[in-house]
Amino acid sequence: MANRLSQVAIWRAVAKKLHDEYKCTVYSDEVLEEFTMPCFFVKLLMSSEMQTKNFIKRNVTIIATYFPSNEDKDEEHYLTVFDKFLILFQMGFPVGDRYLHVDDIQQDRVGEEDDILQITMDITFMDTTGRIEKMKEEGIMMGDVSLTVEVEDK
């Protein structure tokens, strides 16, 4: 059984891929001033829906907001940044021992001058409630079962 995924692990995986690809700083939303451009701000929003007593459906929205340097505020640069993002994430990405598949990626331009690129990525995955792991630790889980079947000829 795969390990549970924390929001921090997902955020870090996205931030690392962005940093490695774009060679710029990736911030969380806590940084409000004195940030260096170009840069990304990454925000993660998660909702959960119980499926069974052992499994939860997780809906994750990742918002990557890109602030270009002043000399790169043009349409060609924004398109290039988004194209790279698609190549980087459209097939999904690993997080620990799991692999998340991306459902949808959209772009928008925000800010007073529409000079900030905002990319939204939606991901849905199944996660464990942790109940199974706890049962294993407590020794409640059944081990291997052997079954022998005899067939009678009539």
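All values derive from a computational prediction rather than experimental measurement. This chain uses plain numbering: 1 for the first residue, then up along the sequence.
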Checking the side chain of [X] only, and the main-chain atoms of [Y] only, is there a donor and an acceptor separated by less than 3.5 Å?
{"X": "His19", "Y": "Cys24", "result": "yes"}
{"X": "Trp11", "Y": "Leu44", "result": "no"}
{"X": "Asp127", "Y": "Lys57", "result": "no"}

How many angstroms lie between atom [atom1] of [X] and atom [atom2] of [Y], to the nearest 0.5 angstrom?
{"X": "Ile87", "Y": "Lys84", "atom1": "CD1", "atom2": "NZ", "result": "9.0 Å"}
{"X": "Lys43", "Y": "Gln118", "atom1": "NZ", "atom2": "CD", "result": "9.0 Å"}
{"X": "Phe82", "Y": "Gln107", "atom1": "CZ", "atom2": "CD", "result": "4.5 Å"}
{"X": "Gln51", "Y": "Asn54", "atom1": "CD", "atom2": "CG", "result": "12.0 Å"}
{"X": "Leu5", "Y": "Leu100", "atom1": "CG", "atom2": "CG", "result": "5.5 Å"}
{"X": "Leu117", "Y": "Lys73", "atom1": "CG", "atom2": "NZ", "result": "12.5 Å"}

Within the 4.5 Å heavy-atom criterion, are [X] and [Y] side-chain neighbours or not?
{"X": "Tyr78", "Y": "Ile116", "answer": "no"}
{"X": "Ile123", "Y": "Phe89", "answer": "no"}
{"X": "Val60", "Y": "Leu45", "answer": "no"}
{"X": "Asp122", "Y": "Asn59", "answer": "no"}
{"X": "Arg58", "Y": "Met46", "answer": "yes"}
{"X": "Asp20", "Y": "Lys17", "answer": "no"}
{"X": "Pro38", "Y": "Phe67", "answer": "no"}
{"X": "Phe40", "Y": "Val81", "answer": "yes"}

> Is Glu75 salt-bridged to Arg109, going by a charged N under 4.0 Å from an acidic O?
Replying inline: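 Looking at Glu75 and Arg109, the cut-off is met.
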With the 4.5 Å side-chain cut-off for hydrophobic clustering, are [X] and [Y] part of the same group?
{"X": "Ile10", "Y": "Ile105", "result": "yes"}
{"X": "Leu86", "Y": "Tyr66", "result": "yes"}
{"X": "Tyr22", "Y": "Phe93", "result": "yes"}
{"X": "Val102", "Y": "Phe85", "result": "yes"}
{"X": "Leu88", "Y": "Tyr27", "result": "no"}

>> Would you say that more than 12 heavy atoms from the other residues, nucleotides or ligands in this model lie under 6.0 Å from the CE of Met91, or not?
In response: no
>> Does Glu76 have more than 12 heavy atoms from other residues, nucleotides or ligands lying within 6.0 Å of its CD?
In response: no
>> Under a 3.5 Å cutoff, is there a donor and acceptor pairing between the side chains of Gln106 and Thr120?
In response: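 No, because no side-chain N or O of Gln106 sits under 3.5 Å from a partner of the opposite role on Thr120.
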>> With no hydrogens and no angle check, just 3.5 Å: does a side-chain donor-acceptor pair link Asp83 and Thr80?
In response: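 Side chains of Asp83 and Thr80: no pair found under 3.5 Å.
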>> To check you understand the geometry: which heavy-atom pair defines the closest contact between Ala64 and Leu18, and what is its length?
In response: CB-CD1, 4.4 Å
> What is the minimum heavy-atom distance between Phe41 and Ser28, and which atoms define it?
Replying inline: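 Minimum heavy-atom separation between Phe41 and Ser28: CD2-O, 3.4 Å.
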